[in-house]
Amino acid sequence: MKLSFNFEDAGQIFVGAFALAVPISFSEEAWRLGETLPTSNLLMLMTLSLTFLTLFTYESVFQRDIQHRKGVFVLRIVSAYVMAAFVVALVLVCIDKLPLVDDPVTSLKRVIVIAMPASMGAIVVDSFDKE
């Protein structure tokens, strides 16, 4: 039984996040959603992301066995979301759609919008190598 989070896990999360972050980051619809969605909707989106990450991680990655691995379980969920958001931000920087200096609020909103599917891609690829 594996009780840790290692470089291989991080690599899988980055690859999975990148796989979905790239096509969605190039979408003008995603950019506009990041500009127009109210904060309450963004919070709902983030909550949905974390909820589905938690459910998928519990059911698929850990196969409902977290009793002695709660710390790694939480770390996996938080890591998947944060790493996916980081990948999204990098992709948006590369295509000049993350106006951090000029409009940090829009930047954060765009990252949150695109991090939802990217984080799911991240955790799905991570699940290929079961605990």
Side-chain angles (χ1 to χ4, degrees):
M1 176 183 340
K2 191 165 121 184
L3 295 174
S4 65
F5 181 83
N6 58 37
F7 184 74
E8 180 185 0
D9 298 323
Q12 290 171 330
I13 287 172
F14 276 126
V15 167
F18 190 76
L20 285 179
V22 169
I24 296 167
S25 293
F26 280 83
S27 163
E28 187 173 352
E29 289 85 4
W31 307 335
R32 293 202 188 275
L33 276 173
E35 294 168 2
T36 61
L37 272 181
T39 303
S40 60
N41 291 71
L42 287 166
L43 291 173
M44 285 190 292
L45 197 57
M46 186 182 279
T47 301
L48 275 174
S49 296
L50 292 170
T51 299
F52 284 114
L53 280 174
T54 300
L55 290 172
F56 189 86
T57 302
Y58 180 74
E59 291 290 334
S60 184
V61 178
F62 284 79
Q63 299 175 341
R64 299 182 180 190
D65 180 22
I66 63 167
Q67 188 161 348
H68 301 292
R69 307 184 292 170
K70 290 177 184 160
V72 175
F73 174 70
V74 172
L75 177 65
R76 186 68 52 105
I77 295 161
V78 171
S79 296
Y81 192 82
V82 169
M83 292 166 72
F86 179 74
V87 168
V88 168
L90 282 176
V91 172
L92 289 173
V93 164
C94 290
I95 62 173
D96 200 27
K97 291 299 176 186
L98 194 73
L100 276 173
V101 175
D102 297 332
D103 193 355
V105 172
T106 295
S107 295
L108 179 62
K109 289 170 133 184
R110 284 180 180 170
V111 168
I112 291 170
V113 166
I114 301 170
M116 182 186 193
S119 64
M120 286 308 300
I123 206 68
V124 167
V125 171
D126 185 36
S127 75
F128 294 162
D129 179 25
K130 301 242 190 226
E131 291 290 302

field: Joint hydrophobic cluster, Val78 plus Ile112, side-chain heavy atoms closer than 4.5 Å
entry: yes
- prompt: Can you check whether Thr47's main-chain N or O pairs, donor with acceptor, with Thr51's side chain at less than 3.5 Å?
  reply: yes
message: Is there a path of hydrophobic side-chain contacts, each under 4.5 Å between heavy atoms of I/L/V/M/F/W/Y residues, joining Tyr58 to Phe62?
response: yes
- line: Rounded to the nearest 0.5 angstrom, the CZ-OH distance for Phe52 and Tyr81 is 13.5 Å
What pairs of donor and acceptor atoms, side-chain ones from residues 82-106 against any protein atom, are under 3.5 angstrom apart with sequence neighbours left out?
unit_1, atom_1, unit_2, atom_2, d
Asp103, OD1, Thr106, N, 3.3
Asp103, OD1, Thr106, OG1, 3.3
Asp103, OD2, Thr106, OG1, 2.6

query: Side-chain heavy atoms under 4.5 angstrom apart, residues restricted to Ile, Leu, Val, Met, Phe, Trp, Tyr: same cluster for Val22 and Ile13?
result: yes
field: Any pair counted as salt bridge (Lys or Arg N to Asp or Glu O under 4.0 Å), so long as it reaches residues 25-37, sequence neighbours left out
entry: Glu28-Arg32, Glu35-Arg110
- request: Using modelled atom types only, decide if a donor and an acceptor are shared between the side chain of Trp31 and the backbone of Ser25 within a distance under 3.5 Å.
  value: yes
Ignoring hydrogens and angles, write down the donor-acceptor pairs under 3.5 Å from the side chains of residues 113-123, residues two or more places apart or on other chains.
unit_1, atom_1, unit_2, atom_2, d
Ser119, OG, Ala115, O, 2.9
Ser119, OG, Met116, O, 2.9

- request: Please examine the side chains of Lys109 and Thr36, heavy atoms only from C-beta on, and report whether any two atoms are closer than 4.5 Å.
  value: no
query: In Å and rounded to the nearest 0.5 Å, what is the CG to CG distance from Leu53 to Leu48?
result: 10.5 Å
- request: Find the distance between CD1 (Ile77) and OG1 (Thr57) and round it off to the nearest 0.5 Å.
  value: 4.5 Å
query: Is Met44 reachable from Leu55 through a run of I, L, V, M, F, W or Y residues, each pair having side-chain heavy atoms under 4.5 Å apart?
result: no
- prompt: Take atom CZ in Phe73; do more than 12 heavy atoms of anything else shown fall under 6.0 Å from it?
  reply: yes
